[in-house]
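Data block below; observations after.
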Amino acid sequence: GIHQPSTKCTSSCLAPTPAPSARAMARLLVAVAATAASMVSATHADPWMYTLSGACDAQGDLNGMPFVEQGTTLSGAPYYKALRAERYLYHDPDCQDGTPRWVLDVHRPDVKKTHDLDGDFICDYIGQINSQYTIHPPTAGEWTMHCDGGVYQQQFVRLLEGTT
């Protein structure tokens with residue numbers, strides 16, 4: 001004949017698992033929240049900062065200067081302010097010539113504008129590097145800098161990353 005499985009419970013039967021208590025659920029939620037908070041803190045809770053090196057002699061005061069994140073512009077790109085001077089580092093999607101770039105400037109970017117964030121209509125900055133990347137400035141690259149005698153020249157600039 002056909003073998004029918006037994007419906008009797010043997011020692012291998014397990015009792016149903018009771019629902020977790022309210023206290024256990026609260027402990028679990030606290031642990032999950034603490035883990036999430038530490039992950040956020042480790043990724044970007046503190047203001048981001050870059051320390052510049054490689055500026056030409058005429059802009060030598062920028063060397064060693066920390067730039068601290070201040071917020072974001074309308075494009076969503078972060079912008080930074082120097083700690084010891086009215087100098088700004090930001091991404092300008094188009095200063096009037098159609099070229100997106102990161103710039104070092106004496107003017108705070110207008111965070112409500114879509115282009116020409118310093119409002120000068122002439123793309124005149126301390127320094128600039130063409131880039132469509134808006135998440136953060138390049139950490140190393142050839143910048144065009146306003147140097148001695150008002151001449152623009154190529155400078156290899158580094159931006160050392162860190163948090164405050």
Side-chain angles (χ1 to χ4, degrees), residues 25-164:
M25 285 300 289
R27 280 193 303 241
L28 177 62
L29 288 173
V30 166
V32 168
T35 301
S38 70
M39 289 170 65
V40 168
S41 172
T43 57
H44 204 68
D46 296 328
W48 205 246
M49 178 176 74
Y50 290 95
T51 302
L52 189 142
S53 66
C56 59
D57 290 344
Q59 304 296 343
D61 63 326
L62 294 174
N63 290 320
M65 189 173 290
F67 286 79
V68 178
E69 187 175 350
Q70 302 295 300
T72 57
T73 62
L74 191 60
S75 72
Y79 75 95
Y80 308 84
K81 182 188 178 300
L83 283 181
R84 301 184 305 266
E86 288 296 312
R87 303 287 187 273
Y88 298 89
L89 172 64
Y90 60 91
H91 188 267
D92 196 334
D94 177 4
C95 76
Q96 297 296 348
D97 65 0
T99 304
R101 59 181 53 111
W102 282 92
V103 301
L104 285 164
D105 202 356
V106 295
H107 301 104
R108 177 185 293 270
D110 185 337
V111 299
K112 296 178 181 170
K113 291 182 75 175
T114 58
H115 65 281
D116 191 29
L117 303 188
D118 67 354
D120 69 0
F121 303 106
I122 57 173
C123 305
D124 186 30
Y125 308 114
I126 295 169
Q128 63 190 41
I129 185 169
N130 294 347
S131 175
Q132 294 183 349
Y133 188 72
T134 61
I135 304 300
H136 60 75
T139 54
E142 289 287 329
W143 285 65
T144 302
M145 281 200 132
H146 196 230
C147 294
D148 298 320
V151 176
Y152 283 94
Q153 67 186 47
Q154 294 299 114
Q155 290 291 126
F156 189 79
V157 172
R158 292 186 189 274
L159 294 168
L160 179 64
E161 300 174 280
T163 57
T164 57

Legend entry - For Gln70, side-chain contact (heavy atoms from CB on, under 4.5 Å) partners two or more places apart: Val68, Tyr79, Lys81
Inset, instruction - Measure the NE2-CG distance between His115 and Asp110 for me, rounded to the nearest 0.5 Å. - result: 11.0 Å
Inset, instruction - Identify the two heavy atoms, one from Val157 and one from Gly54, that lie closest to each other, and give their separation to 0.1 Å. - result: CG2-O, 4.1 Å
Inset, instruction - For the pair Leu159 and Thr51, evaluate side chain to side chain contact (heavy atoms under 4.5 Å, CB included) and give the outcome as yes or no after the intermediate values. - result: CA-CA 5 Å; Leu159 294 168; Thr51 302; over 6 Å; no
Legend entry - Test item: Gln59 side-chain N/O and His146 main-chain N/O as donor-acceptor pair under 3.5 Å: yes
Legend entry - Pair Gln154-Thr144, side chain to side chain donor-acceptor pair (under 3.5 Å): steps then yes or no: CA-CA 5 Å; Gln154 294 299 114; Thr144 302; 2.7 Å; yes
Inset, instruction - Could you pull out all residues at least two apart from Ile135 that satisfy side-chain contact (heavy atoms from CB on, under 4.5 Å)? - result: Tyr133
Inset, instruction - Answer yes or no: is there a donor N or O on one side and an acceptor on the other, between the side chain of Glu69 and the main chain of Met49, under 3.5 Å? - result: no
Inset, instruction - To the nearest 0.5 angstrom, please state how far the CG atom of Asp57 sits from the CD atom of Gln155. - result: 8.0 Å
Inset, instruction - Identify the two heavy atoms, one from Thr72 and one from Gly76, that lie closest to each other, and give their separation to 0.1 Å. - result: CG2-O, 3.7 Å
Legend entry - Pairs flagged by disulfide bond (SG atoms under 2.5 Å apart) wherever residues 105-145 is involved - sequence neighbours left out: Cys95-Cys123
Legend entry - Distance-minimising heavy-atom pair for Leu74 and Lys112: CD2-O, 3.5 Å
Legend entry - Sub-4.5 Å side-chain heavy-atom contact between Glu161 and Thr139: yes
Could you go through residues 82-94 and list every donor-acceptor pair under 3.5 Å that involves a side-chain atom there, pairing it with any protein atom two or more places apart or in another chain?
| unit_1 | atom_1 | unit_2 | atom_2 | d |
| --- | --- | --- | --- | --- |
| Glu86 | OE1 | Tyr88 | OH | 2.6 |
| Tyr88 | OH | Arg108 | NH2 | 3.4 |
| Tyr90 | OH | Asp105 | OD2 | 2.8 |
| His91 | NE2 | Ser131 | O | 2.7 |
| Asp92 | OD1 | Asp94 | N | 3.2 |
| Asp92 | OD1 | Asp116 | N | 3.1 |
| Asp92 | OD2 | Leu117 | N | 3.0 |
| Asp92 | OD2 | Tyr125 | OH | 3.1 |
| Asp94 | OD1 | Gln96 | N | 2.9 |
| Asp94 | OD1 | Asp97 | N | 3.2 |
| Asp94 | OD1 | Gly98 | N | 2.7 |

Inset, instruction - Could you pull out all residues at least two apart from Tyr80 that satisfy ring pair (Phe, Tyr, Trp, His ring centres under 6.0 Å)? - result: Tyr50
Inset, instruction - Measure the spacing between CD of Gln132 and OG1 of Thr99 and express it to the nearest 0.5 Å. - result: 9.5 Å
Legend entry - Which atom of Gly127 lies closest to which atom of Trp143, heavy atoms considered: C-CE3, 3.7 Å
Legend entry - Non-hydrogen side-chain atoms of Leu52 and Met65 separated by less than 4.5 Å: no
Legend entry - Worked check of side chain to side chain contact (heavy atoms under 4.5 Å, CB included) between Leu62 and Met145: CA-CA 12 Å; Leu62 294 174; Met145 281 200 132; 4.2 Å; yes
Inset, instruction - Sort and list the pairs that fulfil disulfide bond (SG atoms under 2.5 Å apart) and have at least one residue in residues 125-164, not counting sequence neighbours. - result: Cys56-Cys147
Inset, instruction - Taking all non-hydrogen atoms of both residues into account, name the closest pair between Asp148 and Ala58 and its distance. - result: OD1-CB, 3.3 Å
Inset, instruction - Indicate the atoms forming the closest heavy-atom contact of Asp118 with His107, along with that distance. - result: CB-CB, 3.8 Å
